[in-house]
A.B. asks: 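Attaching a single structure in structure tokens format; questions to follow.
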Amino acid sequence: MKYAIVFSSVTGNTRKLAEAIQKRVNTCYFGEPSEAALEADFIFIGFWAQKNSCGADTKKFIESLSGKKVFIFGTAGYNSTKQYFDEILKSVEVLVPKSNTIVGTYMCQGKVSDVMKDRIKQAKPEMYEAIKDNLVEAESHPDEVDISSLITELDKLAF
């Protein structure tokens with residue numbers, strides 16, 4: 001079976017998770033969404049949360065999948081609750097065409113760029129005030145506990 005790791009990462013959070021996966025799995029592709037990854041039978045798809053989903057590049061890639069085993073993983077900085085992560089993962093899962101099989105998911109908190117923090121602070125000061133403690137907490141993520149939790153999810157899969 002051929003494996004690929006496809007991910008989008010701006011601050012390095014999702015890349016960190018992708019690299020942890022790469023240490024466990026011999027891949028034929030590692031990088032941004034690309035047709036080259038479609039040669040794999042099993043694709044790990046990583047993203048950073050944008051508007052409670054994944055970005056346009058990841059969406060387009062997901063919609064091109066057919067007959068693959070898929071593991072979805074991601075990072076989000078505004079909140080660290082399981083409920084929040086599950087909502088985001090569900091919004092990405094529904095993008096996966098029915099001919100594919102989702103074999104697992106994982107999401108954890110990740111740091112938010114200073115540019116994004118400033119953008120929120122200026123455009124939506126009330127929102128910034130509501131989430132600023134989460135943004136501070138996010139600075140240290142993904143951490144070793146997050147990576148260990150990801151590995152635990154990977155260990156549930158049959159490679």
Side-chain angles (χ1 to χ4, degrees), residues 4-24 27 29-37 43-65 68 70-98 100 102-154 156-157:
I5 302 171
V6 173
F7 63 95
S8 178
S9 185
V10 173
T11 57
N13 300 325
T14 307
R15 174 179 276 281
K16 192 172 182 180
L17 297 179
E19 289 170 348
I21 295 169
Q22 188 179 36
K23 289 179 183 176
R24 311 268 307 179
T27 61
Y29 181 85
F30 180 87
E32 295 179 354
S34 168
E35 285 186 24
I43 303 178
F44 296 88
I45 301 172
F47 65 94
W48 58 284
Q50 298 177 51
K51 299 178 183 174
N52 289 352
S53 189
C54 59
D57 60 337
T58 304
K59 283 180 186 178
K60 184 177 177 182
F61 179 78
I62 289 171
E63 291 167 352
S64 74
L65 298 176
K68 309 293 182 188
V70 178
F71 183 94
I72 300 168
F73 66 99
T75 58
Y78 301 150
N79 192 327
S80 61
T81 65
K82 181 177 178 351
Q83 178 183 357
Y84 178 65
F85 293 154
D86 287 347
E87 288 174 17
I88 294 169
L89 287 167
K90 292 275 186 234
S91 74
V92 176
E93 287 178 45
V94 300
L95 301 171
V96 178
K98 299 290 183 207
N100 302 283
I102 299 171
V103 297
T105 61
Y106 178 77
M107 188 149 204
C108 68
Q109 195 167 26
K111 68 181 174 242
V112 177
S113 72
D114 290 337
V115 170
M116 185 58 76
K117 286 181 206 173
D118 289 342
R119 198 176 294 161
I120 297 166
K121 193 173 188 176
Q122 291 176 6
K124 299 178 181 181
E126 302 83 20
M127 178 182 169
Y128 181 81
E129 284 301 313
I131 66 170
K132 69 181 180 183
D133 290 342
N134 283 326
L135 297 175
V136 170
E137 170 62 25
E139 288 297 317
S140 63
H141 293 273
D143 61 16
E144 290 306 314
V145 172
D146 299 322
I147 299 297
S148 178
S149 296
L150 170 61
I151 299 305
T152 297
E153 291 304 311
L154 295 178
K156 294 176 184 177
L157 305 174

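The analysis underlying the following values was restricted to heavy atoms, covering all of them including side chains, and did not include hydrogens, waters or symmetry mates. If you're wondering where the values come from, they're calculated on a predicted model, not measured in any experiment.
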A.B. asks: Please check: side-chain N/O of Ser9 versus main-chain N/O of Arg15, any donor-acceptor pairing under 3.5 Å?
C.D. replies: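 Between the backbone of Arg15 and the side chain of Ser9 there is a qualifying donor-acceptor contact (under 3.5 Å).
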A.B. asks: Roughly how far, to the nearest 0.5 Å, is CG of Asp146 from NZ of Lys16?
C.D. replies: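 With rounding to 0.5 Å, NZ (Lys16) is 8.0 Å from CG (Asp146).
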A.B. asks: Check whether any side-chain N or O of Ser91 sits under 3.5 Å from a backbone N or O of Asn52 as a donor-acceptor pair, and report yes or no.
C.D. replies: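 Answer holds: yes.
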A.B. asks: Do the side chains of Lys121 and Asp118 get close enough for a salt bridge, i.e. N-O under 4.0 angstrom?
C.D. replies: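 Result for this pair is no, no salt bridge flagged.
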A.B. asks: Looking only at atom types and distance, does a side-chain atom of Asn100 sit under 3.5 Å from a main-chain N or O of Leu65, one as donor and one as acceptor?
C.D. replies: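 A pair under 3.5 Å: yes.
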A.B. asks: Does a side-chain N-to-carboxylate-O contact under 4.0 Å join Lys156 and Glu153?
C.D. replies: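 Yes, charged N to carboxylate O under 4.0 Å.
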A.B. asks: For the side chain of Thr105 and the backbone of Ile72, is there at least one donor-acceptor N/O pair under 3.5 Å apart?
C.D. replies: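 Checking the backbone N and O of Ile72 against the side chain of Thr105, no donor-acceptor pair under 3.5 Å is found.
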A.B. asks: To check you understand the geometry: which heavy-atom pair defines the closest contact between Ile62 and Pro97, and what is its length?
C.D. replies: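 Between these two residues, the closest heavy atoms are O-CD, 3.3 Å.
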A.B. asks: Indicate yes or no: at least one non-hydrogen side-chain atom of Val112 is less than 4.5 angstrom from one of Tyr78.
C.D. replies: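 The answer is yes, as the side chains (C-beta and beyond) meet within the 4.5 Å cut-off.
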A.B. asks: So do Thr75 and Cys108 actually touch side chain to side chain, heavy atoms under 4.5 Å?
C.D. replies: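 In short, these two side chains touch, coming nearer than 4.5 Å.
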A.B. asks: Shortest non-hydrogen contact from Ser8 to Thr14?
C.D. replies: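 Closest pair (atom of Ser8, atom of Thr14, distance): O-CB, 3.5 Å.
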A.B. asks: Under the criterion side chain to side chain contact (heavy atoms under 4.5 Å, CB included), I'd like the reasoning laid out for Phe71 against Leu150: C-alpha separation, chi angles, the key distance, then a yes or no.
C.D. replies: CA-CA 11 Å; Phe71 183 94; Leu150 170 61; 4.0 Å; yes
A.B. asks: Might you confirm whether atom CD of Glu32 has over 12 heavy atoms from other residues, nucleotides or ligands at distances under 6.0 Å?
C.D. replies: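 No - once you tally the heavy atoms of other residues, nucleotides and ligands closer than 6.0 Å, there are 12 at most.
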A.B. asks: Just so I know, are the side chains of Val6 and Phe44 near enough to count as touching, which here means a heavy-atom distance under 4.5 Å?
C.D. replies: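 SC-SC contact between Val6 and Phe44 ruled out.
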A.B. asks: Is a side-chain donor or acceptor of Thr152 paired with a backbone partner of Ser148 at a separation under 3.5 angstrom?
C.D. replies: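 Yes, the answer is positive, given that a donor and an acceptor are paired below the 3.5 Å cut-off.
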A.B. asks: Answer yes or no: is there a side-chain heavy-atom contact under 4.5 Å between Asn13 and His141?
C.D. replies: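 They are not in contact (no side-chain heavy atoms under 4.5 Å apart), so the answer is no.
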A.B. asks: Distance check, rounded to the nearest 0.5 Å: Lys59 atom NZ versus Phe47 atom CZ?
C.D. replies: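 One gets 10.5 Å once the value is rounded to the nearest 0.5 Å.
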A.B. asks: For the residue pair Phe30 and Phe7, is the inter-centroid distance of their aromatic rings smaller than 6.0 Å?
C.D. replies: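 Ring centroids of Phe30 and Phe7 are less than 6.0 Å from each other.
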A.B. asks: Using the side chain to side chain contact (heavy atoms under 4.5 Å, CB included) rule, take Ile45 and Phe61 through it: C-alpha gap first, then chi angles, then the decisive distance, then the call.
C.D. replies: CA-CA 9 Å; Ile45 301 172; Phe61 179 78; 4.1 Å; yes
